[in-house]
Amino acid sequence: MRWFWFFCLTWAAVSDLKTRSISCHLLAVCGIAGMIWAWRRGPADCVAGLPAGCMLLALSRITKGGVGSGDGWFVLASAGYLTVEEIWGLLLGGMGVGWVWSIGLILYRVWTKSDIHRDTIPLLTCMWPVGLLMLI
């Protein structure tokens with residue numbers, strides 16, 4: 001099931017990078033499969049991972065889309081596959097990759113004298129390398 005989760009993460013990361021949105025169909029398939037998997041291994045494990053996704057959804061609401069709601073929904077769906085430590089590791093690791101990406105982007109734009117505030121950083125794309133490390 002971890003490979004299926006990683007496939008969903010890859011699909012979501014590519015979609016987030018290209019269109020800055022994540023398909024509701026992907027989130028539904030990933031979430032339903034995650035719920036079935038969590039039910040088989042014990043729902044108590046997945047309940048502990050839900051606050052991370054809820055936090056991202058609240059941040060999306062507070063920032064009016066600065067943090068995408070698809071990121072929060074994907075982390076909620078991931079609670080069925082991952083332990084709470086893995087979810088927080090994925091989230092914090094993705095934020096770390098995003099931080100390095102944003103610093104590099106700012107330095108590049110300062111160097112080329114282009115608009116610094118032009119783009120956003122896709123969080124799920126930043127989570128992809130962390131997810132790959134977790135899979136290995």
Side-chain angles (χ1 to χ4, degrees):
M1 284 305 284
R2 290 255 181 155
W3 283 100
F4 179 74
W5 169 81
F6 186 70
F7 172 74
C8 291
L9 175 62
T10 302
W11 187 0
V14 169
S15 176
D16 198 16
L17 183 63
K18 285 183 176 181
T19 64
R20 299 292 196 259
S21 66
I22 299 148
S23 166
C24 291
H25 293 53
L26 168 69
L27 292 172
V29 167
C30 184
I32 291 169
M35 285 190 302
I36 292 169
W37 179 249
W39 187 260
R40 291 186 67 208
R41 67 175 189 164
D45 290 340
C46 75
V47 171
L50 296 177
C54 292
M55 180 196 68
L56 280 177
L57 288 172
L59 278 174
S60 175
R61 192 106 159 141
I62 291 168
T63 62
K64 294 179 178 63
V67 175
S69 62
D71 302 326
W73 285 113
F74 188 83
V75 172
L76 276 175
S78 296
Y81 303 93
L82 307 174
T83 65
V84 67
E85 294 85 10
E86 291 171 329
I87 288 175
W88 283 103
L90 179 70
L91 181 59
L92 294 174
M95 291 171 71
V97 171
W99 183 81
V100 170
W101 185 351
S102 65
I103 293 297
L105 190 59
I106 288 170
L107 291 175
Y108 172 76
R109 295 220 172 119
V110 166
W111 185 38
T112 61
K113 297 181 185 358
S114 59
D115 184 16
I116 292 175
H117 304 289
R118 191 175 65 192
D119 288 328
T120 60
I121 304 294
L123 182 59
L124 284 179
T125 305
C126 295
M127 287 182 189
W128 189 86
V130 180
L132 180 63
L133 287 175
M134 289 172 53
L135 194 63
I136 296 174

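At most 12 non-hydrogen atoms from other residues, nucleotides or ligands lie less than 6.0 angstrom from CZ of Arg61. Residue Met134 qualifies as enclosed at atom CE: its count of foreign heavy atoms under 6.0 Å is above 12.
The two residues Leu17 and Pro122 come nearest to each other via the heavy atoms CD1-CG, 3.9 Å. Closest heavy-atom contact between Leu91 and Ala52: CD2-CB, 4.3 Å. Nearest heavy-atom pair, Val130 versus Gly93, reported as atom, atom and distance to 0.1 Å: CG2-C, 3.5 Å. Nearest heavy atoms, Leu90 versus Gly131: CD1-N, 3.8 Å. Here the closest heavy-atom approach between residue Gly53 and residue Leu76 is recorded as CA-CG, 3.8 Å. Closest approach of Gly80 and Trp37 over heavy atoms only: O-CD1, 3.1 Å.
Checking side-chain atoms of Ser15 against main-chain N and O of Ser21 turns up a donor-acceptor pair under 3.5 Å. No donor-acceptor pair under 3.5 Å is formed between the side chain of Ser60 and the backbone N or O of Leu56. Tyr81 contributes no side-chain N or O that, together with a main-chain N or O of Phe4, makes up a donor-acceptor pair within less than 3.5 Å.
Trp101 and Val14 are not part of a single hydrophobic cluster, where members link through side-chain heavy atoms under 4.5 Å apart. A chain of hydrophobic side-chain contacts below 4.5 Å, direct or via other Ile, Leu, Val, Met, Phe, Trp or Tyr residues, connects Ile87 to Met1. With hydrophobic clusters built from ILVMFWY side chains whose heavy atoms lie under 4.5 angstrom apart, Val100 does not share a cluster with Leu133. Note: the hydrophobic cluster containing Trp5 does not contain Trp39 (ILVMFWY, side chain heavy atoms under 4.5 Å, direct or indirect links). Cluster membership for Leu59 and Leu92, using ILVMFWY side-chain heavy atoms within less than 4.5 angstrom, is shared.
The OG1 atom of Thr125 sits 7.0 Å away from atom CZ of Arg20, with the distance rounded to the nearest 0.5 Å. Taken from OG1 in Thr112 to CG in Leu107, the straight-line distance is 10.5 Å, to the nearest 0.5 Å. The CH2 atom of Trp128 sits 8.5 Å away from the CG atom of Leu9 when rounded to the nearest 0.5 Å. Atom CZ in Phe74 sits 6.0 Å away from atom CG in Leu124 (nearest 0.5 Å). Expressed to the nearest 0.5 Å, how far OG1 of Thr10 lies from CG of Leu132 amounts to 8.0 Å. The structure places CH2 of Trp73 at 8.0 Å from SG of Cys54, a figure rounded to the nearest 0.5 Å.
Ring geometry for Trp11 versus Phe7: interplanar angle of 30 to 60°, hence tilted. Using the six-membered ring where Trp is involved, Phe6 and Trp3 have ring planes that are perpendicular, over 60° apart on the 30 and 60° scheme.
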